[in-house]
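Notes for the one structure printed next.
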Amino acid sequence: MRIAVIGGGPGGLYFAYLWKKRHPEDQVDLFEQNPADATWGFGVVFSDQALEFLRADDPETVDAIAPHMESWENITLNLHGDHVAIDGVGFSSIGRLELLQFLQQRALDVSVTPRFDTQIQTIDQLGGHDLIVAADGLNSLVRRAYEGDFGTSLSYSSNKFVWYGTSKRFDTLSQTFVKTDRGAFNAHHYRYSPTMSTFLVECDHATWQAYGFAYKDAEQSKGICEEVFADTLGGHCLVSNKSVWRNFPWVWNEHWSFKNMVLIGDALHSAHFSIGSGTRLAIEDAIALVKALESDAHLSTALHRYQAARKPVVQKLVNAARTSAFWYEHFAQHMQLGLMDFAYSYITRSGRIDDSRLRHMSPAFMARYEAAKNGGGDSDGEATA
């Protein structure tokens, strides 16, 4: 079989590597419009659960990546100068470019043919391939060319966000909420290397308008964010890399394949950054697609099998992501709560965690929260963790 993979992100690279490793007789061509060392963004994060899922299918890859990852067991919330730790929520992170370079090498090791700096203009360029795997992201050429056949829907969250990095090293995945005289901001920040952290800034549309960000250039926007989060950054600067204000796009497709074309990753669906699952979903899509293709010699049947098996899993996570995003669209209102009530609202925002699970997952936090609810005194936000 001859396979074309469009997109050299984590999902495309991983599918190409995995298929070629298992089927060395097949030809796998990977097309990426950017140079091999180009990337946007900074770090990517995986939950412990996501890494265990990947380990079950490909322990060799996880064992190779793990030594290069930063890991922690808590989430820290910062509100009105106070902070609280939520224990037992394990994550690991790695620089996006480092992850891409690792996956590029894995693909080369199994003789995938990568073609960087190569933009596919039309699907006709791939006429000699038996299967086209569209891993070309939110602006997927394949999806846009056949969006009616894929049943594509696209909408946007109302909040604005901009993705920076910083040399400030944070101990855990953290959220810092800041109230100013013109509105409220939130920063999602976590380290992804010994010397760098991701620092994503978010605000609602009213705050974005009040600060006039629409009329600010990239350097002016960065300066305002540095001022708002001066205490959090502790003298460190923000670092830009195509850092522009955006609205989060919600992409969904009712049909995951059309003819010999199939979608994976952000080309297929998007999940809000507040649950940190974009890269995870792309890699899991690649695994599921490989399994489906191996289960049936007939391509059409295999692609339908991929959708049938994977779609309910993704739908559940995307629904949770939408619920989480809705919480963030109203985070300024939640900031009026006391520290412990705010933290409880935050950790239960997606609807996937109830009190019973929270007691098991985060016993120290839940004990403190329940003590506060029973008159222990720090639900008013005056105590620290």
Side-chain angles (χ1 to χ4, degrees), residues 1-24 26-32 39 44-47 49-65 94 96 99-114 126 129-138 140 142-143 150 251 253 256-257 260-271 276-296 299 302-315 317-318:
M1 184 159 61
R2 189 179 179 196
I3 300 175
V5 180
I6 309 178
L13 283 167
Y14 192 73
F15 172 83
Y17 154 72
L18 199 58
W19 186 265
K20 185 66 173 177
K21 180 184 177 183
R22 298 189 186 193
H23 304 274
D26 288 353
Q27 180 176 340
V28 180
D29 301 312
L30 185 142
F31 302 90
E32 168 55 46
T39 188
V44 295
V45 66
F46 295 87
S47 69
Q49 182 181 11
L51 286 178
E52 286 308 308
F53 182 93
L54 178 56
R55 185 184 297 277
D57 281 276
D58 188 2
E60 182 182 349
T61 294
V62 175
D63 290 342
I65 295 175
I94 188 171
R96 179 176 171 84
L99 176 63
L100 288 176
Q101 290 173 336
F102 176 85
L103 293 175
Q104 287 168 11
Q105 188 58 54
R106 300 292 265 194
L108 287 170
D109 289 344
V110 296
S111 300
V112 169
T113 306
L126 305 173
H129 291 84
D130 303 299
L131 173 66
I132 299 171
V133 179
D136 46 346
L138 293 169
S140 169
V142 173
R143 189 194 67 235
F150 286 116
V251 174
N253 293 272
W256 290 23
S257 63
N260 67 330
M261 297 169 283
V262 63
L263 306 175
I264 69 171
D266 285 348
L268 174 60
H269 48 63
S270 59
S277 294
T279 302
R280 165 199 171 179
L281 282 175
I283 290 175
E284 290 179 359
D285 286 348
I287 293 171
L289 180 56
V290 167
K291 289 181 177 178
L293 291 169
E294 291 178 336
S295 69
D296 200 303
L299 181 62
L303 295 180
H304 281 96
R305 189 185 297 271
Y306 160 63
Q307 175 175 323
R310 181 81 178 129
K311 188 175 181 180
V313 177
V314 175
Q315 182 76 71
L317 198 148
V318 168

Measure across Gly8 and Leu30 and return the closest heavy-atom pair with its distance rounded to 0.1 Å. CA-CD2, 3.9 Å

CG (Asp285) and NZ (Lys311) are apart, to the nearest 0.5 Å, by 13.0 Å

Name the orientation class of the two ring planes belonging to Tyr17 and Tyr14 (parallel below 30°, tilted from 30 to 60°, perpendicular beyond 60°). tilted

Verify the distance criterion only: is there a donor paired with an acceptor across the side chains of Asp266 and Ser270 at less than 3.5 Å? no

For Ala134 and Ser140, work out which heavy atoms get closest and say how close. CB-OG, 4.2 Å

Are there more than 12 heavy atoms of other residues, nucleotides or ligands under 6.0 Å from atom NE2 of His23? yes

Non-hydrogen side-chain atoms of Phe31 and Asp136 separated by less than 4.5 Å: no

A side-chain contact here means heavy atoms from C-beta on lying under 4.5 Å apart; do Asp29 and Arg2 qualify? yes

Please evaluate residues Lys291 and Glu294 with respect to the criterion salt bridge (charged side-chain N to carboxylate O under 4.0 Å, His left out), reporting the C-alpha separation (whole Å), side-chain torsions for both, the decisive distance (0.1 Å), and the verdict. CA-CA 5 Å; Lys291 289 181 177 178; Glu294 291 178 336; over 6 Å; no

Of all heavy-atom pairs linking Val142 and Phe150, the shortest is O-CE1, 3.7 Å

Show the nearest heavy-atom pair for residues Leu303 and Met261, with the distance to one decimal. CD1-O, 4.5 Å

Does the Arg305 side chain pair with the main chain of Ala292, one donor and one acceptor, at a distance under 3.5 Å? no

Find out whether Asp26 and Asp130 are in side-chain contact, i.e. whether some heavy atom of one side chain is under 4.5 Å from a heavy atom of the other. no

Should Ser257 and Leu263 count as side-chain neighbours, where that means a heavy-atom distance under 4.5 Å? no

Shortest non-hydrogen pair, His129 vs Ile3, comes out as CD2-C, 3.4 Å

Between Pro24 and Lys20 the two heavy atoms that sit nearest each other are O-NZ, 2.9 Å

